[in-house]
Amino acid sequence: MKVLVPVKRVIDYNVKIRVKPDGSGVETQNVKMSMNPFDEISIEEAVRMKEKGVAEEVIAVSMGPQQCQETLRTALAMGADRGIHVKTDDVLEPLAVAKMLKAIAEKEQPQMIIVGKQAIDDDCNQTGQMTAALLGWSQATFASVIELGEGTAKVTREIDGGLETVDIKLPAVVTSDLRLNEPRYASLPNIMKAKKKPIEEMDPASLGVDTTPRVKTLKVSEPPKRQGGVKVESVQELVSKLVNEAKVI
Amino acid sequence: MDLTLSDEQKMIVDMVRRFVREQIVPLEDKLDPDADELPPEDLQRLSKITQDMGLYGLDTPPEYGGPDIDLVTRALISFEMSQHRAGLYAPCYGAFGGARQAQLFEATEEQKEKYLYPMLRGEKKVFFGLSEPSGGSDPARAIQTRAVRDGDEWVINGSKLWISGADRADYGLVFARTDPSKGRGGVTCFIVETNWPGFHVRRVVHTLRSSRYATELQFENLRVPHANILGEEGGGFSIANDRLTRQRIPYAGECVGVAIKAHEMAVEYAKIRETFGAPLASRQGIQWMLVENEIDIRTARWLVLEAASKADNGEPFRTESAFAKLVAAEASFRVVDRSMQIHGALGVAKDLPLERWFREMRIRRIGEGPSEVQKHVIARDILGQSLR
């Protein structure tokens, strides 16, 4: 089977995010970018499926500007077989990404799409679910274990109350959670091989998708600075503050 | 000269940076601030990762199983792998393997079996015995240790100083004078096993580098088989010169890596530390220190890459490598010093790695050829070889 894995280029998790002075967004100039960590987990899972012989081909997809090819090369160096780059300088919202993934999935016919549960830049946590809905496929979100059967998959999901196991029919969209696996480091031989692996370029129009944003960003601002704590004298004072000032009880 | 990184180089740099950040730095939080070794199980686990990366044995030539990378890439890796507390003298605590004694690659097949391969496999430890109490930078003249032939053996008498790891080594290279009538051409390199009679570690010499000491060695009628001569008799200094010049480049690169990290810490700290109601970063005095750090790092980084690039292109790079070593050690020392100053009292505390880098970086200006010897090499290039 084929496995499709979208990989997003995001600000590296180690970078301290700075808001642009005009409040229009966050600073991305001269900022280190990397693959979204949840997408690395997805790639790792797909590559392991291939190593076990249950997947034949792993295709990485990235959408965005030219530099997304670096992210794709990283996926290829981790073991993906080929890349698809949907090249655009537009701002992409989850719905647009999901529509493009649907178009690619219809063309490539993968049995599974493994999507990171969220991207660490906008933390939307929507793309996987939307893609499944648009395709009419089964979905299993927040996966910590994926076991493949005959045309089915058993997925352990991380939910608030603990773990939930679901059986789903393939084709399916699975979103990966942190504990699904520990992604490997790329290796020198695979980095060298990655150069020769193909990356196909396309654009949103060729996929028939209108990427016009539906959400308007009014203002981006830093979270308010934390205020210092207060020491209370008695339980009465604590309760009164919780009721009257914090208004939490 | 175009030193734009290729996509592959960017990925390799990324991979090593992540390895340091995710594997080394968290471990270091639990280690003694002066530690330069990991518990064996950790080292084994990390070496397995670097093997999977295909980067184990960074300084081992590909024909002996090392990774096939050029010197520019090796330099880029050295900028990354030193960015942690022990990074200057124990980059990644040896998880990338080591091939310390480049001369052994020039050994005979028989010697390789006995001495090179066990070292490459990490089974045996090897020391390098060149410097003597009479000096180390001008060994051709300073070497007084004598080797006299007796049938199929040589009898060595004399002493060595500032030798690292000889007390824990299984064997090592000892340079001794075999012909007193000749200067450079009268010195021979011997492979000496540390358990042979007449080999003594006379004392341990503590230095600024509190994690590791040096030793003083004494040879008393130490008998070495003729077959243990490395290279030619009288050719002690002509072995592996090219390899040794190459080694100087990652050595310089490690200095730059530490400087990059120290500077990064200084920039962060200057922005958050407030004095008299404003962040340090708003003070011009501090800003200029940060700018000077940046100049030092950029200069050193460029010179290291230039030397590596010349070597990769097959051009002479002896002078360039001297520049790289000289500037990297001196500039990185200044960067660590300024970064420490910006941190104030915190800078000298063992809570941060700065104090260790400061002590160890001081040694870098002396080790692997002191700055003055590098200048001597450069001066010879400017003024001609005949210069004394």
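Order of the sequence lines sets the chain letters (A, B, ...), proteins ahead of strands, with each chain counted from 1. These numbers come from the heavy atoms of this one structure, side chains and all, not from hydrogens, waters or symmetry mates.
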Asks: What residue in B:M53, B:E268, B:E22 has the most heavy-atom pairs under 4.5 Å with chain A?
Replies: B:M53
Asks: Is A:D12 in contact with chain B via its backbone, its side chain, both, or neither, using a 4.5 Å heavy-atom distance?
Replies: side chain
Asks: Please say which of A:D177, A:T141, A:N125 ends up in a side chain to side chain donor-acceptor pair (under 3.5 Å) with A:K117.
Replies: A:D177
Asks: Looking at A:T74, A:N190, A:N14, which has the largest count of heavy-atom pairs under 4.5 Å with chain B?
Replies: A:N14
Asks: Exactly one of A:E44, A:R48, A:E45 should register a side chain to side chain donor-acceptor pair (under 3.5 Å) with A:N181. Which one does?
Replies: A:E45
Asks: Flag the one option from A:R184, A:Q69, A:R73 with the top tally of heavy-atom pairs under 4.5 Å to chain B.
Replies: A:R73
Asks: Could you check whether any side-chain N or O of A:N36 sits under 3.5 Å from a backbone N or O of A:K8, counting only pairs where one atom can act as donor and the other as acceptor?
Replies: no
Asks: Does the ring center of B:F19 lie less than 6.0 Å from the ring center of B:F96?
Replies: yes
Asks: Answer with side chain, backbone, both or neither: which region of B:D14 has an atom nearer than 4.5 Å to a non-hydrogen atom of chain A?
Replies: side chain
Asks: Evaluate the ring planes of B:F105 and B:Y64, with Trp represented by its six-membered ring, and classify them as parallel (under 30°), tilted (30 to 60°) or perpendicular (over 60°).
Replies: tilted
Asks: So what's closer than 4.5 Å to chain A heavy atoms on B:I12: side chain, backbone, both or neither?
Replies: both
